[in-house]
Amino acid sequence: MAFWLVKSEPSSFSIEDLAARPQQTEAWDGVRNYQARNYLRDHMKKGDLVLFYHSNIPIPAIVGLCMVTREGYPDPTAQDPSAAHPDPRSTPDNPIWYQVDLKLVRIFSRPAALHTLKQDPRLEGMLLLQKGNRLSVMPVSAAHFQSILTLVQ
DNA sequence: GCCAACGTTGGC
DNA sequence: GCCAACGTTGGC
């Protein structure tokens with residue numbers, strides 16, 4: 001099993017929004033970065049655990065946990081002109097962008113704030129903490145994942 | 001709102 | 001293939 005982290009701006013989609021979805025499940029669409037796409041398409045497997053991160057707010061934080069319930073499949077919003085990030089190059093025969101389905105596992109009662117993560121020596125080298133990292137989907141090592149779990153409970 | 005960091009685009 | 005210009009991300 002592998003571990004991941006996804007970022008979302010709560011103003012567009014928060015973990016509370018995920019909790020309110022049918023089956024508490026959401027298609028993780030709209031990703032338009034090739035490296036993140038490759039993770040979604042090729043590497044995220046059913047049952048993998050995914051940390052949910054709120055970005056672009058006063059206290060950015062890891063706020064919950066979800067699980068991959070469907071592996072990579074073409075992102076239909078790429079072909080939707082009214083969607084946030086349409087890409088006319090992507091076609092049903094030759095899709096460029098992919099999504100997975102994420103199901104909520106739980107919302108952390110004690111979220112792990114970014115400034116807390118930065119102070120934890122166990123999390124040294126974590127991708128999320130690297131300067132200038134803008135990936136919205138990224139792998140998390142098992143050790144880092146376990147350390148983060150100790151912070152949120 | 002600012003701005004550093006980064007990815008993408010497109011002229012050459 | 002280089003690289004300047006541009007748009008976006010996201011912490012602060």
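Being a predicted model, the structure only gives us computed values, none of them experimental. Quick note on labels: first sequence line is chain A, next is B, and so on, each numbered from 1.
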### Task
Say whether, by atom type as modelled, one donor and one acceptor occur between the side chain of A:Asn94 and the main chain of A:Thr91 under 3.5 angstrom.
no

#### Entry: A:His144 (side chain) donor-acceptor with A:Glu124 (main chain) under 3.5 angstrom
yes

### Task
Tell me, please, the opening and closing nucleotides of DNA chain C, 5' to 3', among those with an atom under 4.0 angstrom from a non-hydrogen atom of chain A.
C:dG7 to C:dC12

### Task
With side chain to side chain contact (heavy atoms under 4.5 Å, CB included) as the test, would you mind laying out the steps for A:Tyr73 and A:Asp101 before giving the verdict?
CA-CA 9 Å; A:Tyr73 61 105; A:Asp101 285 356; 2.5 Å; yes

### Task
Mark yes when over 12 heavy atoms from residues, nucleotides or ligands other than A:Lys45 sit less than 6.0 Å from its NZ; otherwise mark no.
yes

### Query
Got a salt bridge between A:Arg32 and A:Asp75, using NZ or NE/NH1/NH2 to carboxylate O under 4.0 Å?
yes

### Query
If you find the nucleotide of DNA chain B closest to A:Arg89 and the one closest to A:Lys131, which residue's nucleotide is nearer the 5' end?
A:Lys131

### Task
Answer yes or no: is there a donor N or O on one side and an acceptor on the other, between the side chain of A:Asp80 and the main chain of A:Thr77, under 3.5 Å?
no

### Sidechain-backbone polar pair: A:Ser8 side chain, A:Phe13 backbone, donor-acceptor under 3.5 Å
yes

#### Entry: DNA chain C contacts among residues 49-61 of chain A, heavy-atom distance under 4.0 Å
A:Tyr53, A:Ser55, A:Asn56, A:Pro60

### Task
Spell out, as yes or no, whether a donor-acceptor pair under 3.5 Å connects the side chain of A:Gln24 to the backbone of A:Ala19.
yes

